[in-house]
Amino acid sequence: RKEFVDLYVNYVFNESIRKPFEDFMQGFLRGCPARKWKMFLPVELQTVLQGHTKFDWHLLEKNVTYRQYKKLDRTIRNFWTVFHKLPEEKKKTFLAFLSGSDRIPGCGLEHFKFFIVDPQAENPDEHCPFASTCNHILFLPR
């Protein structure tokens, strides 16, 4: 039985996916040659490919640039008060809303910048916040 289970597990996890994996690896190495990846330690490579998973949310707040707002405006103070009370998963959801990913790129949080902009709507109560993920801009009505 042990031999059967070992052979079956080997088939499911190795043999059955060998061809699709080789095709994937060939395509991946065409775009990302292996010699370039050898300069990274495994942990560094994981960070480059996946991004950072640990966050200093206060550093995120510090890196914001405001347009049509000032840091001490009531809307901004309320935003950060509510944000810091959110559970970790909701903060990551906000990050995904803002940037398209719930992770910080490999360069690190200290280099991750975003903007909070007042869309200057005529009646701000009729507008929801929205984001430009490519430019890391949060449009936050007053």
Nearest non-hydrogen partners of [X] and [Y], listed with the distance:
X      : Y      : answer
Lys91  : Phe83  : CE-O, 3.1 Å
His127 : Ala121 : CD2-CB, 3.2 Å
Pro129 : Leu138 : CB-CD1, 4.3 Å
Pro124 : Arg142 : CB-O, 3.4 Å

Assess whether side-chain contact (heavy atoms from CB on, under 4.5 Å) is satisfied between Ile116 and Ile76, documenting all intermediate values. CA-CA 9 Å; Ile116 296 180; Ile76 298 301; 3.8 Å; yes

Just by distance, no angles: are the side chains of Gln26 and Asp23 close enough, under 3.5 Å, to form a donor-acceptor pair?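 No donor-acceptor contact under 3.5 Å links the two side chains.
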
Just checking, is any N or O donor in the side chain of Asn135 or Ser132 under 3.5 Å from an acceptor N or O on the other one?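 Short answer, yes.
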
Using modelled atom types and a 3.5 Å cut-off, is there a donor and acceptor pairing between side-chain atoms of [X] and backbone atoms of [Y]?
X      : Y      : answer
Asp73  : Lys70  : yes
Asp118 : Gln120 : yes
Ser16  : Tyr11  : yes

Would you indicate whether the side-chain heavy atoms of [Y] and [X] approach each other to under 4.5 Å?
X     : Y      : result
Trp57 : His84  : yes
Leu60 : Phe114 : yes
Lys71 : Arg77  : no

Could you go through Lys2 and Val5, starting from their C-alpha distance and side-chain angles, then the distance that decides it, and tell me whether this counts as side-chain contact (heavy atoms from CB on, under 4.5 Å)? CA-CA 5 Å; Lys2 181 181 178 346; Val5 170; 5.8 Å; no

Could you state whether Phe13 and Phe24 fall into the same hydrophobic cluster, counting links through intermediate Ile, Leu, Val, Met, Phe, Trp or Tyr residues with side-chain heavy atoms under 4.5 angstrom apart?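 Not linked; separate clusters.
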
Chi angles and distances behind the salt bridge (Lys or Arg N to Asp or Glu O under 4.0 Å) call for Lys92, Glu89: CA-CA 5 Å; Lys92 290 179 183 179; Glu89 283 307 309; 3.7 Å; yes

Rounded to the nearest 0.5 Å, what separation is found between the CG atom of Asn63 and the NE2 atom of His136?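 Atom-to-atom, Asn63:CG and His136:NE2 are 12.0 Å apart.
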
Enter the distance from Asp56:CG to Glu61:CD here, rounded to the nearest 0.5 Å.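 Between Asp56 CG and Glu61 CD, I get 10.0 Å after rounding to 0.5 Å.
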
Phe79/Phe94 aromatic ring centres below 6.0 Å: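 Distance test on ring centres: under 6.0 Å, yes.
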
If you draw a 6.0 Å radius around CD in Glu3, do more than 12 non-hydrogen atoms from other residues or ligands fall strictly inside?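 Not buried by this count: 12 neighbours or fewer within 6.0 Å.
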
Would you mind checking if Glu15 and Arg18 are paired as a salt bridge, meaning a charged N to carboxylate O distance below 4.0 Å?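 Yes, charged N to carboxylate O under 4.0 Å.
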
With clusters built from Ile, Leu, Val, Met, Phe, Trp and Tyr whose side-chain heavy atoms come within less than 4.5 Å, directly or transitively, what are the remaining members of the cluster of Ile137, listed by chain and number?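 Its cluster mates, by chain and number, are Phe115, Val117, Phe130, Phe139.
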
Would you mind listing the cluster partners of Ile17? Hydrophobic ones only (ILVMFWY), side-chain contacts under 4.5 Å, chaining allowed.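 Its cluster partners, ordered by chain and number, are none at all.
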
Name all residues meeting the side-chain hydrogen bond (donor to acceptor under 3.5 Å, both in side chains) criterion together with Arg1; count only those two or more places apart in sequence or in a different chain, and write none if there are none.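 None.
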
